[in-house]
Amino acid sequence: MSTLPPGVRSDPSRPRSPELCPVAVEFGSAEKPVRRGSGPASRALRAAWFGRAVAWLSPADRRVLRLYLLTRISVWITAHGARWLFPRGSDVREAGPVLAPFQQWDVNHYLHIARDGYFPAGTGPWVDGWDNREAFFPGFPVLLRAVHVVVPSWTAAGLLISLVAGAVAVLALSRTARAYVPEDADGHRTVLFFLLSPCAVFLAVGYTEALFLAFALPAWLAAQRHRWALACTLTALATTVRVSGLFLAAAIAVLFALSARSGKGWRGAPWPALPALPPLAYSWYLHAHTGDWMAWKHAQERGWYREFHTPWEAWSNTWKAAFEGVHTTGYAAMFRAELAAMVVGLALVALLARRRRRPEAVYVALSLWALGTSYWYVSIPRATLLWWPLWMGLAAVSLRHPWFRTVYLCVTVPVSALVALAFLTGRWAG
């Protein structure tokens, strides 16, 4: 979600051997425990651990991670240039702080929750000017507070979370792609399309997309291998981060049912119910403070116009905002992007249904329903990051038609740069 100004409203199936576990390396088996420090023995131990950890990654994994790091560097260069070339004010003589470009929009909501809690000093939705922070699920703020213990800067702590989570996500995406798109042998093409997608900047800032995918993609990978306990546990963690975790839970439940009907049996049937527990616990917490079981949903309605409207009303309102001159050109452009993302999502659901990819179709369709029944569309372009069948499908098309890759990159790279620049300079993007 983006707060609008007034008037605009690692492969889990591969077991890690003991010698690859950092705990075992440092404290286990034959090697004598070494006290941490700066001595040669300690440095050698850390070097050995790092070498073994890298060796655990396959060549395909390392190639994907190199691409991931290169795109992170690109975002950081853009952010550094933005604070010099596009300062706030026409007569600025000095660039803003290094991390200032990353302190935008929802980042501040997560910071306030992590630092002050949901209802500091008895404040809440009954106070004028309330920021509706209960609309945001607690997974990211809780982790942010934990990381802040060792990283003094709140912004840097959020960036670190997204950096590590994004690495986990792209590794899981590449491994998932290998099963779906055999021609993309190492998943590199899928990851490339994903990391250069129009809203990819949100994977590199203190937002929830990277963390959600770090749970959701390994969960999906585990579900594909019928490891239901692991899949549903990871999905439960995803539901602490975003309500989209419930859409993933529904898709995994469908996958489980299809697997059971195909002869795999109903063993493990209770597991698909596990992801519902974190949202229920969060609703109970909010009810204890506000008396409202759906306080998070009502906060979204107050702050972001997410009250229910029929799909055709939502489309009509978004169309007016995009094309009838009621907003400035910047906001109108973003509303046009919302419409385009909705069309892409509907086409994706139709294609998945046609190809009998029912679980994936359910996941994307529920996301579209939630986003497409507000007063107008908000954050659909950003939600495309969570639709991994889209990126695998585009990669498959490009492998069959080589010219498609060139067209895709020529279109999305400049769009991605513009969205990144808009966000990093404090404008509404996605």
Side-chain angles (χ1 to χ4, degrees), residues 1-9 103-142 144 154 158 199 202 205-209 212 239-247 279 282-283 285-309 313-314 317-318 320-322 326-328 330-331 334-335 337-338 341-342 367-383 386 422-423 426-430:
M1 285 176 288
S2 298
T3 305
L4 306 184
V8 178
R9 316 249 243 175
Q103 297 167 345
Q104 311 288 356
W105 302 104
D106 291 358
V107 171
N108 295 312
H109 286 289
Y110 298 123
L111 185 156
H112 295 155
I113 297 168
R115 185 187 62 197
D116 307 321
Y118 278 99
F119 307 104
T123 57
W126 50 87
V127 175
D128 290 339
W130 179 243
D131 61 7
N132 300 303
R133 64 182 65 185
E134 65 271 27
F136 299 87
F137 277 40
F140 190 92
V142 168
L144 179 61
W154 289 102
C199 287
F202 293 101
V205 299
Y207 270 52
T208 58
E209 278 73 15
F212 175 81
T239 60
T240 70
V241 179
R242 296 175 64 99
V243 71
S244 308
L246 293 175
F247 311 151
Y282 182 50
S283 294
Y285 167 80
L286 294 178
H287 178 265
H289 286 80
T290 67
D292 182 2
W293 286 101
M294 296 296 291
W296 63 270
K297 178 65 170 66
H298 297 149
Q300 291 186 356
E301 293 174 356
R302 289 192 303 269
W304 294 271
Y305 291 106
R306 291 195 183 276
E307 65 272 10
F308 178 79
H309 286 74
E313 287 177 323
N317 292 334
T318 309
K320 292 176 182 177
V326 296
H327 298 293
T328 60
Y331 283 107
M334 288 303 170
F335 279 116
E338 300 281 350
M342 173 58 77
S367 176
L368 287 176
W369 177 261
L371 294 168
T373 52
S374 299
Y375 174 78
W376 51 25
Y377 302 158
V378 177
S379 301
I380 299 180
R382 186 150 56 91
L386 312 182
F423 174 84
R427 293 167 175 82
W428 179 34

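Positions are given from 1, in the same order as the sequence printed here.
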Mind jotting down which residue pairs meet the salt bridge (charged side-chain N to carboxylate O under 4.0 Å, His left out) criterion with at least one end in residues 108-132? Sequence neighbours excluded, please.
-> Asp131-Arg133
Sort and list the pairs that fulfil salt bridge (charged side-chain N to carboxylate O under 4.0 Å, His left out) and have at least one residue in residues 287-298, not counting sequence neighbours.
-> Lys297-Glu301
Quick one: are [X] and [Y] in side-chain contact, heavy atoms under 4.5 Å?
X	Y	result
Pro141	Phe136	no
Leu371	Tyr377	no
Phe247	Trp369	no
Leu386	Arg242	yes
Ser374	Trp304	no
Gln104	Arg427	no
Trp105	Trp428	yes
Tyr207	Phe423	yes

Atom pair [atom1]/[atom2] of [X] and [Y] - distance to nearest 0.5 Å:
X	Y	atom1	atom2	value
Arg382	Glu338	CZ	CD	9.5 Å
Tyr282	Trp296	OH	CH2	9.5 Å
Thr318	Glu313	OG1	CD	11.0 Å
Arg306	Asn132	CZ	CG	12.5 Å
Phe202	Ser379	CZ	OG	8.0 Å
His109	Glu134	NE2	CD	10.5 Å

Run the ring-ring contact (aromatic ring centres under 6.0 Å, His included) check on His327 and Phe335 step by step: do they pass?
-> CA-CA 10 Å; His327 298 293; Phe335 279 116; 5.5 Å; yes
Looking only at heavy atoms, what is the nearest atom pair of [X] and [Y], with distance?
X	Y	result
Phe212	Gly245	CE1-N, 3.4 Å
Ala114	Leu144	CB-CD2, 3.8 Å
Gly372	Ala314	O-CB, 3.3 Å
Pro120	Trp130	CD-CH2, 4.3 Å
Phe137	Thr240	CB-O, 3.3 Å
Ala321	Val326	CA-CG2, 3.7 Å

For the pair Thr290 (side chain) and Ala295 (backbone), establish whether a donor and an acceptor sit closer than 3.5 Å, ignoring hydrogens and angles.
-> no
State whether the side chain of His112 and the backbone N or O of Asn108 hold a donor-acceptor pair below 3.5 Å, judged by distance alone.
-> yes
Which residues satisfy the ring-ring contact (aromatic ring centres under 6.0 Å, His included) test with His309, sequence neighbours excluded?
-> Tyr375
Describe, in one word, how the ring planes of Phe119 and Trp126 are oriented to each other, choosing from parallel (under 30°), tilted (30 to 60°) and perpendicular (over 60°).
-> parallel
Working for side chain to side chain contact (heavy atoms under 4.5 Å, CB included), residues Thr208 and Tyr110 = CA-CA 9 Å; Thr208 58; Tyr110 298 123; 3.1 Å; yes
